[in-house]
Structure formats: structure tokens, C-alpha cells
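As the structure is a computational prediction, the values presented were derived from the model and not from experiment. For reference, positions follow the sequence shown, starting with 1.
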Amino acid sequence: MGRLVFLFASSLLLMVAARTVSAAVLEHSFYVQNLTVTRLCKRQVITAVNDSLPGPSLRVREGDKLIIHVFNMSPYKITIHWHGVSQLMSAWSDGPEMITQCAILPGNNYTYNYRITKQEGTLFWHAHSSFLRATVHGAIIIHPRARHSYPFPKPYREVPILLGEWWNANVVDVENQALALGIGPNISNAYTINGWPGDLYPCSQNQMYKHRVEQGKTYLLRIINAAVNSHLFYKIANHNMTVVAVDARYTNPYVTDVVVISPGQTVDVLLTADQPVGSYYMTANNYASASGTAVGVPFNPSTTRGVIIYQGAPSSTTPLMPVVPAFNDTPTAHKFFTELTSLVGGPHWVPVPLNVDHNMFVTVGMGLDVCPPNVSCQGRPPVGAALSGNMNNVSFVLPTSLSLLQAFFFNVGGVYTTDFPANPPVQFNYTNPSINADLPLLFAPKRTSITKVKFNSTVEMVMQNTALIGVENHPMHLHGFDFHVLAQGFGNFNPTTDTLKYNLFNPQMRNTISVPVGGWAVIRFVANNPGVWFMHCHFDGHMSIGLSTAFIVENGPTPDTTLPPPPTDLPQC
């Protein structure tokens, strides 16, 4: 008996040791400062990390601990958000300004400290202050632990593909101008692939991303939409791609010739170089779902392109160009968004929780606000009103003196209220454009109203787009959690018939969901991570005017489910 106990204890120690050995502590320094670059015929000063655009890629394994020292040497206040990282028991390192921390002021620094837990695939980091994420962003590449493998054949090479936007202007000024006028921000001047606009733009013949491949080899493309305000179609001429993961969650293999990706989302695809030796353009162009609505939302109709070059292709070869989708190709977008499913039984797969503790029906969309002081409110009907965003008729306002997480942890009153409505205060025909004639519906009160839930409770949220101001596809991002996407559809959600469409077996998991234009989406997650977690539209132009909310998840019953105190170097307001 004693020998059996000894053998069991030894085996347990070996298992723990193996798990510990396979995890590492990785330390990096991010220097945020001005960088002068030339794009579209113009030299411009941007804010960048470590003198690069995009910023440095973080390559880690599941289980690794990251320590990132951020030194703000720029002229702007800033925070860094590690988009999609669950931040289990490390809410102080999540990064959204005034949600989990005050901003890092110029000349100051802060250290983010967190572990990658039960996530594999591609995520990214970006600034979470103003429009600075337009140039302050980079990839987070999460490999399986040592001696673990992908649930698909190992690719020959891995290639980050960061899709972005470029303005011929200071992006902080772009946002400030929009807020000062009470309107949406100016559209970008170009889209980019890994920081380069491509040869369809002025002065950009030699500013195009190029990737060389060997015929017959398979490559893992880690595609990230780091654009500020644009959904994008991504294609490669004459090539299919196989989706194997989204938002660092494995999927069943899904073959497609086009990837549709919203701001904040990531898609991992396998690309086999199975075409004749030659050159093939890759492209990204806008999916502009709001076009033709009541407000005629402007968008950038241009296309960025890079090129895939096969080894042995003559330099004189003219690359083949794919047929890019039309900007308003909603059927293609909806097909891609709805046909992905989770890899049941794959690494870190999580079954759908079946019992719901907290049901929410939340409208998401735009509206108006009474013109604030020092805002001109020009160009937005009716004159004298400013563009606003809201969820369930609440337009979210960030606190100014203390972050929400500090207020929660130290039990400081007067910073927020926990009365965010679980249902719309007024029910109406949400997707009928005629509702714009009902002026009171357009104006939502501004307040810091959030939702408090018990630890380990299951939350289901129906997100319903509205036609107020105009219908649009809204990319909604939840910090701190991945959620199951149970169903998506068009029109008004019908609880009698649409609940029958729920996929409770293998729904895709995401941290960012594109709520269909003029439609709805249903998500479900377990609130097992104490802290304060932001939920917002990942169009920065909408988030900054109130299309957001937050969740407080209470502490659990044990020390390891209780939020730890803040780090000593946490920035103060």
C-alpha cells in the first residue's frame, strides 16, 4: 500500500513538474514614442512601439507568463490592451483606459503582468486610448505548450498578416475633430497589409507587402484586423484558404476563398501554395454595411494589396488579381460569419453552459445627444445634436477621477451605478427605418451604468441592432471572456422561433462578434473571472461616443477566485 501511495505521489509530482517546465516567463519592454515614416507621398510623425509599424509580435506558448514594461515616451497619454487575452485573475493588466486603469502619462511607465491560460492561436495588442491603436498595435502569437501539437498538420511557415488603416493626419486630431463637431470621424486614406498600403495608392509602388512561398508547402496565415473603423474582406488570387481558428479558438476546418474579418477579430487560415509558379495578389477591401442608410455613412472604397510570390517566379511576372467582393456584399459576410463552428474535443474546447442565470436583451446602435458645450454639432440631422452611441438606451460615459476597477476594488461610491437595464426600457420595431421619425427614441441619456453578476454565473445576451440613425454591422468586443455564439440572424429577434436555432453543440467561440446589419446575435459565457470587464463596439469612432457598457464580476468563494490588490505602479489619474 505504501509503495502504491509513493508511486502515485511521484507520478503527480512529475505531471506538475512537466506542466511547470513547459511554461516560461517572458519579459519585454515597449517604448512608445514618435516615429517619422513616409506613406502616400508624405512624411508623417506617428506614435509607434519600438520604432516599428506594426509593433513587435509577442510569440508565446500557452501557459507562459508575460511581463511587459511600457515606457510612454510619446506626447500622449496611453494604455495598452492585450486584446482577447482572458486575463484570468489579472484584471489590472487588461488595459482599457478608465476601466481597469488610468492612462500612462507622458514620461511615465507601467508594467503589465499576466499569464496566457487555455488559449492558443492569434490575438493582438493595441493602444486603448484615443485613435492611437491605428499605429500602436502588434500580434500575439500563442503556440501550444512544448510537446503539444496543433490539431491540424504542422505548417511549413507561420505568417502574421495585420490589416490596418492609414490616415494622412494625426489620428488623435482625427478623433478630436469628430468629437468637436459632433459627427463621425474622417475616413482613412488607405488600408494596409503589415503596415504597407500597396501599389494601388499614390507613391506606393515600392510600399507593398511581399511574401515568398515554395510550391507545395502549406503556410499558416495569422490574420488580424487592426483597422480602427472598418470591416474587411481578405482574398488571395486563385487560392482557397482553410480556417482553423478564430480569436484564438480552434474551429472545424472551413474552406473558403474569402475571409471576412471585423475590427478586433483574428482568423487563422492554412494556405497551400498549390498553384502554378507565379505571383498572386492578396487584397483587403471594406465591407461597408452602413452604406445607403439614413445617414449615408461614408467609407473608403479603395483596396490594399500585397503579393504572394512563388519561388522561381520570374521577376517580370505580372501578379494575378482576385475578384474583390462588392463593398455591400452582406450575403458573403453573413455566410462566413455564421458557418464557422468549434472543434469539439480540441485543445481548450469548452462545452456550452446549458443553464442560464442572467438573461439580457440589449439593443446596440447609434443615436443623438443634445449638443454638448464647446461642440458645434454641424452636419448631423437635426442641427443642434451630436452623434451618439448607446446600448439599451444608455450612452456609456467613462469615469474621470478613478478607474471602474479601482472603484470596485476599494468600494468607492459615486463612480458608477449597477442599474444597466437587462432589457430595453422601451420596446419598438428595432430594425424598421421609420423609427427615426420618433425623435425621443433617438436621444439616450449619458451615464456610467453597468451590470453586476455573481461569480460563476452564466450570462446570455441577445444583441439586437437597431435602425436608429442607420442600420450597420457592429463589431462588439467583450474583455475578459470568450463567449459562445449561439445564433445570428436578420430582422428583429423572435424568442419563440429564433431560440430554436441555437447551436448548443459546436458553436464558434469568439471575443468579438459582428452583430449583423439590421439583425441580431446571441452570445453566452460563464462569468468566472472577477473584475471589471469592458464591452464595446470595436469601431473606435462609436466606442468613444457611448456604444459600450461594462460588467462587474464579483469575487468567488476562495482566495484563488478573489481579485488581488492592484500593483504598486498602477497609474493614477
Side-chain angles (χ1 to χ4, degrees), residues 20 23-36 45-117 119 122-143 160 162 172 195 224 226 248 402-403 405-406 409 479-480 531-534 563-573:
T20 304
V25 177
L26 306 176
E27 197 162 358
H28 299 272
S29 292
F30 278 14
Y31 297 94
V32 185
Q33 57 194 349
N34 286 346
L35 174 68
T36 302
V45 176
I46 64 171
T47 305
V49 171
N50 295 0
D51 292 330
S52 64
L53 175 67
S57 294
L58 299 176
R59 299 178 185 273
V60 303
R61 292 187 180 275
E62 191 275 321
D64 285 352
K65 184 177 183 179
L66 280 163
I67 300 174
I68 315 288
H69 308 287
V70 176
F71 299 89
N72 187 6
M73 303 160 66
S74 81
Y76 307 109
K77 63 178 183 176
I78 199 169
T79 66
I80 302 293
H81 169 51
W82 317 94
H83 185 110
V85 175
S86 62
Q87 298 291 355
L88 189 63
M89 302 307 302
S90 56
W92 300 106
S93 287
D94 191 41
E97 183 178 352
M98 301 313 301
I99 302 295
T100 61
Q101 66 170 97
C102 301
I104 309 169
L105 299 178
N108 287 268
N109 61 277
Y110 178 51
T111 296
Y112 295 90
N113 191 325
Y114 57 91
R115 189 176 297 278
I116 304 294
T117 305
Q119 293 178 291
T122 306
L123 299 172
F124 73 120
W125 57 265
H126 62 77
H128 216 295
S129 298
S130 183
F131 273 28
L132 288 172
R133 76 176 176 90
T135 56
V136 178
H137 60 254
I140 302 176
I141 296 170
I142 309 170
H143 293 108
L162 285 89
V172 175
I224 298 166
L402 201 66
S403 75
L405 187 57
Q406 288 172 296
F409 185 86
H479 292 227
V532 179
W533 305 106
F534 203 23
L563 183 69
T568 56
D569 65 338
L570 186 74
Q572 301 300 309
C573 296

Within this structure, what is the [atom1]-[atom2] distance for the pair [X] and [Y], rounded to the nearest 0.5 Å?
X      : Y      : atom1 : atom2 : answer
Ile142 : Thr122 : CD1   : OG1   : 8.0 Å
Asp51  : Tyr31  : CG    : OH    : 11.5 Å
Leu132 : Thr47  : CG    : OG1   : 5.0 Å
Arg115 : Leu88  : CZ    : CG    : 10.5 Å
His83  : Arg133 : NE2   : CZ    : 8.0 Å
Arg61  : Ile116 : CZ    : CD1   : 13.5 Å

Short side-chain to backbone donor-acceptor contact, [X] and [Y], under 3.5 Å:
X      : Y      : result
His81  : His126 : no
Trp92  : Pro564 : yes
Tyr112 : Gly95  : no
Gln119 : Gly84  : yes
Thr100 : Leu405 : no

Using the ring pair (Phe, Tyr, Trp, His ring centres under 6.0 Å) rule, take His28 and Phe30 through it: C-alpha gap first, then chi angles, then the decisive distance, then the call.
CA-CA 7 Å; His28 299 272; Phe30 278 14; 7.1 Å; no

Side-chain contact, heavy-atom cut-off 4.5 Å: Tyr76 with Ser130?
no

Could you go step by step and tell me if Thr79 and Glu97 meet the side chain to side chain donor-acceptor pair (under 3.5 Å) rule?
CA-CA 6 Å; Thr79 66; Glu97 183 178 352; 5.2 Å; no

With side chain to side chain donor-acceptor pair (under 3.5 Å) as the rule and sequence neighbours excluded, what pairs involving residues 564-573 come up?
none

With sequence neighbours excluded, residues passing side chain to side chain donor-acceptor pair (under 3.5 Å) with Tyr114
none

Thr111 versus His69, closest heavy-atom pair with distance:
OG1-ND1, 2.8 Å

